[in-house]
Enquirer: 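Below is a structure I'd like to ask you about.
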Amino acid sequence: MSNFDCKNKFKPDTEGTYIKSFKEYQSLHKKSIEDPQAFWYEKAHEFLNWDKSFTKVSSGNLKYGNVKYFEDGYLSVYQNCVLRHKEANPNGIALIYEADNPEEARSVTWLELSQQVQLYARVLKQMGVKKGDVVTIYMSTSPEAIYAMFACSYIGAVHSVIFGGFSSDAIKARVLDSKSEVIFTQNFTKRRGRTIPMKTTINKAIEGIDFVRKVLVYGRVKNIKEEINMKPNRDILLESLLEEFQEGGKYENVYANLQPMSMNAEDPLFLLYTSGSTGKPKALIHTTGGYLLNAALTHKTVFDIRKGDRFGCVADIGWITGHTYIVYAPMLNGVSTVLFESTPDYPSITRYWEVIDKWGLTQFYTSPTAVRFVMSCGTDPLKDFSLKSLRVIGSVGEPIGVEAWNWYFKNVGKSRCYLVDTYWMTESGAIMISAIPGATTLKRGSATLPLFGISPQLLVKNGGSKSIELSMQKKQRKFSEIAENDQSGILTIKGHWPSITRTILGNHKRYLETYLSPYPGYFLTGDSAYRDMDGYYFIKGRIDDVINVCAHRFGTSELESTLTLHPKAVEVAVVGMPHKIKGEAIFVFCVLKDKHTEEMVIKNELKSLLQTSISKIASPEHIVIVDSLPKTRSGKIMRRILKKIVRKNYEVATYGDLSTLLNPDSVDSIVSNVKKIL
Ligand code: PRX
């Protein structure tokens, strides 16, 4: 861990920050754990407007997975996310749309947002959508997708946003599983200047699914001749329908007085599919009250949100990061939010920096993958941009290695912005571990400390001598909480918090088995972590990503962040391979900056980097230079594919669900490279 021990003494201007000191953080965190009823009662009234207040803060437990928050309270999502800001600031900017083509960028005021959401809601109502029905949204990150999302909760429907890059097979599985009868989509989308079909992908996905009654098609790309094959009675052009509800339209007076639904706090707000380590993608359900509260609170706390801020999360709305920190949290906190439809290098590698300066963004939130990508292009693209409006920059989705942390902090944050490495997951609904501007002293590579209501515990199987031993009565399976610092273990969260996912759609048993039953009383994150002497958490990666070489454990992220310190390595993935003597050995896949680099030289350099930075035992068995790594669309390397390949399983058909794979071509080329050496 020597790479990570650098204490950064940076402190921002604490004036105006929500949490003003480390002491205040500590005392609030303590209260949130020791007296959660009082803590959440107060926050629920501070952040949300209730149509009918609740009498009970929470009930239920992790044993049965029947946790409820604010269960007899009622609130309107539209009132909290749109109406109150429209009334206070009708002409203020709610949405900033950075379309793929920067010339198509536009902004949407709170007034326009409220009008559009109401129109979309009336359309849904007209389509016969009722409370609790699932509406699929297969659209690019755009204002129209946001209107559709808010229109759902306006009438009490549950949205299921499917990432716009998914294939028809992936969509089909999700529509079948959620039994969604109505779908919002668009004719085409734009990606790096190319026109990409969406409606015809939907056509293929729902072929033969008779329960899909309506497909509402937004004409995202205008003046295009290409056929989208509208099916009579099922498919409707959204714009023409919307017009009919407007002044002078055929349906002008139909549902004109439609009021936003007052939702029970435990009513589902949305479901979102995510891949587990096994089985089919599962739909996680998030509820209305608890999810919204923690979205707003974590956003305010972690990003130092102030009035007039312009928040730039450049994720896609198809992922939990998009749901929580593009849509719900900024809208709840009444600040402008960026909808970024493009990529960091389109039309040029300066795109992110242009967007920040053009709109005066106050926060910028992205993934380590994106940081490493812009880093690989050097600092030249940044030279014409001041980025002076930024106060907080954030990272999410995977461990941010030391090199990327340094680069991001220095070149984007200009060594003056707070860098928050935010640890969380689809299941948690909101950030769980992160630094807080003005309160937390940063440490490179650490997500730092838990947020309110989160009690991280490191567990070890079979108990440790100094730990409190807990035993599962039925199976006699034993595990212990690691009480000491400077230790690593299985990262769990003790107890529950308001935005914890309540269940898996149609499969509560799988929910219990995956998250709650393995360690009763604890939510299993699936990650392991190291807690240093100061109690700071360093996420080491998924538990299944730990490699055990000669009984020495190495986290793949630890190995990878060391290897990416090599100036010629752009990206690295490390997996364990079975080894006769060592148990497991280290297998390295590396993407180089310059394809003409002498391979033998670089392989030796990478080997000695691991030997000298970590240990001789960490010396890799094999290093393979590849053109690209298999990645999910959210930028995560799909290590399970690499694990199969290094186990000499070359049958792609046995690799499980590949619907989230961004670059299927990478797999064949890796297989042929590995075959040459194994
Ligand atoms: O392994 C952790 C990693 O991403 C996983 C959750 O993935 P997903 O549900 O797709 O959500 C990603 C966006 C919230 C976690 O189990 N992860 C997420 N954030 C971090 C991280 N690993 C290290 N550091 C982080 N900041």
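Just so you know, ligand 1 is whichever comes first in the structure, and atom 1 is the first atom listed for that ligand. Residues take their numbers from the sequence shown, with the count starting at 1.
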Enquirer: Could you check atom 18 (C) of ligand 1 against the protein and tell me its nearest heavy-atom contact, residue, atom and distance included?
Expert: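 Here the closest protein heavy atom is W424 O, 3.2 Å.
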Enquirer: I'd like to check which ligand 1 atoms, numbered from 1 as shown, lie under 4.0 Å from a non-hydrogen atom of V396.
Expert: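 Answer, ordered by atom number: 13 (C), 14 (C).
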Enquirer: Which residue holds the protein heavy atom closest to atom 6 (C) of ligand 1, what is that atom called, and what is the gap in Å?
Expert: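 Sorting protein heavy atoms by distance from atom 6 (C) of ligand 1 puts M425 CB, 3.5 Å first.
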Enquirer: Taking salt bridge (charged side-chain N to carboxylate O under 4.0 Å, His left out) as the cut-off, I'd like each qualifying pair that reaches into residues 320-331, sequence neighbours left out, listed once.
Expert: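 Residue pairs with at least one partner in residues 320-331: there are none.
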Enquirer: Checking D345 now: which residues fulfil salt bridge (charged side-chain N to carboxylate O under 4.0 Å, His left out) with it, not counting sequence neighbours?
Expert: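 D345 satisfies salt bridge (charged side-chain N to carboxylate O under 4.0 Å, His left out) with R192 only.
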Enquirer: Pick from Y365, Y97, Y352: which one makes a ring pair (Phe, Tyr, Trp, His ring centres under 6.0 Å) with F340?
Expert: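 So the option named by the test is Y352.
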Enquirer: Considering only protein heavy atoms, which is closest to atom 1 (O) of ligand 1, and at what distance to one decimal place?
Expert: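 So the nearest neighbour among protein heavy atoms is D527 OD1, 2.6 Å.
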Enquirer: Who's the nearest protein heavy-atom neighbour of atom 13 (C) of ligand 1, and how far?
Expert: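 Heavy-atom neighbour on the protein nearest atom 13 (C) of ligand 1: T321 OG1, 3.5 Å.
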Enquirer: With V371 as reference, evaluate T366, V412, I393 under the side-chain contact (heavy atoms from CB on, under 4.5 Å) test and give the passing residue.
Expert: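 Among T366, V412, I393, the one that satisfies the side-chain contact (heavy atoms from CB on, under 4.5 Å) with V371 is T366.
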Enquirer: So if I count the atoms of ligand 1 from 1 in the order they appear, which ones are less than 4.0 Å from some heavy atom of P399?
Expert: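 Answer, ordered by atom number: 22 (N), 23 (C), 24 (N).
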Enquirer: Have a look at ligand 1 and work out which part of I400, if any, has a heavy atom under 4.0 Å from it: side chain, backbone, both or neither.
Expert: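 For I400, no heavy atom sits under 4.0 Å from ligand 1.
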Enquirer: Considering only the protein, which heavy-atom contact is closest to atom 8 (P) of ligand 1, and what is its distance?
Expert: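 Nearest neighbour among protein heavy atoms for atom 8 (P) of ligand 1, to 0.1 Å: T426 OG1, 3.6 Å.
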Enquirer: Tell me: protein heavy atom nearest atom 10 (O) of ligand 1, and distance?
Expert: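 The answer is K636 NZ, 3.3 Å.
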Enquirer: Provide, to 0.1 Å, the distance between atom 19 (N) of ligand 1 and the closest protein heavy atom, together with that atom's residue and name.
Expert: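 Result: G397 N, 3.1 Å.
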Enquirer: Are R372 and E398 ion-paired here, with the side-chain N under 4.0 Å from a carboxylate O?
Expert: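 Yes, charged N to carboxylate O under 4.0 Å.
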